[in-house]
Structures are given as structure tokens and as C-alpha cells.
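To keep things clear, I will list the structure first and then write my remarks on it.
Worth knowing before you read on, the calculation uses all heavy atoms, side chains too, and leaves out hydrogens, waters and symmetry mates. Whatever order the structure lists ligands and atoms in, that order sets their numbers, starting from 1.
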Amino acid sequence: MAGRAVALLEEPPTAPTVAGAEVEIAGLHHAYGATTVLTGIDLRIPGGAHVAVMGRSGAGKSTLLSLLGGLEPVQTGSVRVDGEPLERMGRRQLAEYRRRTIGFVFQHFGLLDSLSALENVELAMAVAGRPRAEQRRRGLELLDQMGLADRRGNLPGALSGGERQRVAIARALANQPRLLLADEPTGNLDDDTAAQVLEALDRARAAAGCTLVVVTHEHEVAARADRRIILTRGRAEQTP
Ligand SMILES: Nc1ncnc2c1ncn2[C@@H]1O[C@H](COP(=O)(O)OP(=O)(O)OP(=O)(O)O)[C@@H](O)[C@H]1O
Ligand SMILES: [Mg+2]
């Protein structure tokens, strides 16, 4: 454990530290009670890809993201992340999978209001059992990468929407996720701020080498991705 902490401290700050997770989805169905949302999704997302998921409201985009992130158990079909089948995991294994593999960025930030920007980022690492010194070092480094070094002491209430979202991205990256999932990360931001947040996500992906799946309604957001997935009537269509 101590050896690992030392190794992490010695990593150069900008070197890619993770390889992006590869995702393979086959025959995925999902229903909430009598409402069937996904009716047979087959997809392959290569490691390190940047994918946009689009589709009308209610098409199942957030559902697909929750399944990928292990927030919802797989009902029917298969979701393999780096070959690991999520459908075979119990609650505890899914929690471990989320902690080890996933970073989430939600539309509504999900920051704790009583903690500063830095403390919000550190908390994610505390939960994962990272040493205190590493939490501080990496927290500061991530906020700096997001252009927020001088905002580190601010509570979320004293940050702009774009700044909060960049704190949320820093937090999602804290534990070096191999799969970064973002659900409409610019949904309630103005165009300029949205562009900054997207730039931050893009840079984060490039620096960390992680796979990025972004749910969006916006064509400018989708245009940044290497591939687009459109959900229609429970099925997925991939466009180059
Ligand atoms: N926990 C739940 N219980 C019951 N139905 C749900 C639940 N979550 C989602 N649904 C339903 O499943 C469908 C897909 O929801 P989902 O949130 O995945 O859509 P979405 O594509 O993300 O939509 P939006 O663009 O509005 O966010 C919707 O009809 C929704 O009402
Ligand atoms: Mg949604």
C-alpha cells in the first residue's frame, strides 16, 4: 500500500495514467415495470474512444449510462467492460466496479454544498481510501488542470455554473477512472460556459486516456465525439 502511494506521488502530473476501458454491449434490454426502455442494444466502444449518446427525451440515454456505470443492475443481455460482465456482478461487486473504473459527471453537479471545491474533489479519494497527502496533491493538481486553482476554497454556492461543473469533472477524475460517463454535462449552461466545460472534458480525456461517453441533446457537443450513438425506440444506431 505504502509502495503504491509512493509510486503515485512520483507520477509526472500530465502523463496518461489509465488506459480507457473497452465496452461491449450485447442484446441489452431494460424495463421499468411495464415500461420497456431498451429493446436490444448491441454496441462496441473501443478503449479511449469519445462517444456521444443522443436521442429524444425519454429515449433511454440516462438508463444506458446508469447501466454502464453499474448504478442499475443489468436485467437482460450483457454489458462487458474490459471483458468483465456486469450482469454477473452483485451489489457489492458493482459498488467496487464503480469505485475502481467509473467517473460520473451529472447534469446537476452533485457537489456537497458544505464542502469547498478542493474538499469535494478530495472526498472522492477519501471514499476510495487514498492517503491524505495524495488526496491534497491530486485535488490541487486536478483543480489546476480545470483552471480553478484560485477557486479551490470556494463553496459550490460561491462558484458559477461552469466552475461547479469543472469541479464535478475534477471529482469524477479523482480516482483515475477508465470510463468517464457524463450525462448532459452542459445541459444548464450558456454556450460559452458549455464550450469551456467541454474543452475541460476533452482535455481530461486526452490526459487520462480514459474512454468518454457523453449524453447530450446538443449537436455541437456530439460533433466533438469520434462517434455518435442515437437511441430510437429502444435501439441504438451508430453513426460515424
Ligand atoms: N426509475 C424509473 N422508474 C420508472 N421509469 C423510469 C425510471 N427511470 C426512467 N424511467 C422511464 O424510462 C424512460 C427512459 O428514461 P431515461 O431517463 O433513460 O431517458 P433519457 O433519454 O435520459 O431522457 P432525457 O433526455 O429526458 O434525460 C422514460 O420514459 C422514463 O420515464
Ligand atoms: Mg436523461
Side-chain angles (χ1 to χ4, degrees), residues 21 23-45 49-81 86-87 89-91 94-95 97-98 101-111 161-162 164-169 171-172 177 179-191 193-195 197-198 200-202 205 210-239:
V23 178
E24 283 178 282
I25 300 176
L28 183 66
H29 288 245
H30 201 83
Y32 296 104
T35 311
T36 300
V37 182
L38 305 177
T39 60
I41 306 268
D42 297 295
L43 281 178
R44 192 179 153 272
I45 301 173
H50 177 179
V51 174
V53 177
M54 306 191 77
R56 301 172 58 151
S57 177
K61 303 180 297 296
S62 296
T63 302
L64 181 62
L65 221 61
S66 303
L67 288 163
L68 278 178
L71 289 172
E72 290 265 1
V74 174
Q75 296 169 348
T76 310
S78 171
V79 178
R80 285 172 188 263
V81 177
L86 303 194
E87 66 277 11
M89 294 184 192
R91 291 175 68 90
L94 283 175
Y97 159 77
R98 287 197 298 273
T101 311
I102 299 295
F104 265 111
V105 182
F106 298 98
Q107 182 172 0
H108 297 290
F109 322 123
L111 300 176
R164 271 181 245 171
Q165 195 56 304
R166 281 180 282 150
V167 175
I169 295 171
R171 182 189 52 184
L179 179 54
L180 183 57
L181 303 172
D183 199 348
E184 301 193 43
T186 60
N188 49 14
L189 302 175
D190 64 70
D191 289 354
T193 313
V197 166
L198 290 172
L201 260 182
D202 241 9
R205 179 187 69 104
C210 59
T211 305
L212 171 61
V213 181
V214 184
V215 167
T216 185
H217 285 285
E218 294 157 67
H219 288 280
E220 307 85 79
V221 179
R224 288 175 168 263
D226 339 303
R227 56 182 75 198
R228 281 149 285 281
I229 292 165
I230 320 266
L231 291 185
T232 323
R233 283 184 287 280
R235 291 184 177 269
E237 186 192 313
Q238 218 170 139
T239 64

Using 30° and 60° as the class boundaries, would you call the ring planes of His30 and Tyr32 parallel, tilted or perpendicular?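 Rings of His30 and Tyr32: perpendicular, as their planes differ by over 60°.
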For [atom], which protein heavy atom lies nearest, and how many Å away is it?
atom	value
atom 26 (O) of ligand 1	Ser57 OG, 2.6 Å
atom 27 (O) of ligand 1	Glu184 OE2, 3.6 Å
atom 16 (P) of ligand 1	Thr63 OG1, 3.6 Å
atom 14 (C) of ligand 1	Gly58 O, 3.3 Å
atom 25 (O) of ligand 1	Lys61 NZ, 2.7 Å
atom 2 (C) of ligand 1	Tyr32 CD2, 3.4 Å
atom 12 (O) of ligand 1	Val37 CG2, 3.3 Å
atom 17 (O) of ligand 1	Ser62 CB, 3.6 Å

So [Y] and [X], do their side chains get closer than 4.5 Å, heavy atoms only?
X	Y	value
Gln165	Thr186	no
Leu68	Ile25	yes
Leu201	Leu180	yes

Between Ala172 and Phe104 the two heavy atoms that sit nearest each other are CB-O, 3.3 Å
Mind listing the closest non-hydrogen atom pair of Met54 and Lys61 along with its distance?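 Shortest heavy-atom separation between Met54 and Lys61 comes out as C-CD, 3.6 Å.
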Give the contacting part of Arg56 toward ligand 1: side chain, backbone, both or neither, where contact means a heavy-atom distance below 4.0 Å.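 The answer is the backbone of Arg56.
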Would you say Arg233 has more than 12 foreign heavy atoms packed within less than 6.0 Å of its CZ? no
For the [atom1] atom of [X] and the [atom2] atom of [Y], what is their distance to the nearest 0.5 Å?
X	Y	atom1	atom2	result
Arg164	Arg166	CZ	CZ	12.0 Å
Glu184	Leu65	CD	CG	10.0 Å
Ile229	Leu231	CD1	CG	7.5 Å

Quiz question for you: does at least one protein heavy atom lie closer than 4.0 Å to atom 30 (C) of ligand 1?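 Looking at atom 30 (C) of ligand 1, one finds that no protein heavy atom lies closer than 4.0 Å.
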So for Gly60, does at least one of its heavy atoms come nearer than 4.0 angstrom to any atom of ligand 1? yes
Assess Thr35 for proximity to ligand 1: is some non-hydrogen atom of it under 4.0 Å away? no
If I take every N, O or S atom of Thr63, is at least one of them less than 2.8 Å from the Mg ion (ligand 2)? no
His217: numbered ligand 1 atoms lying under 4.0 Å from its heavy atoms: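 Selected atoms, number and element: 25 (O).
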Counting from 1 in the order shown, the ligand 1 atoms closer than 4.0 Å to a non-hydrogen atom of Ala59 are 19 (O), 21 (O)
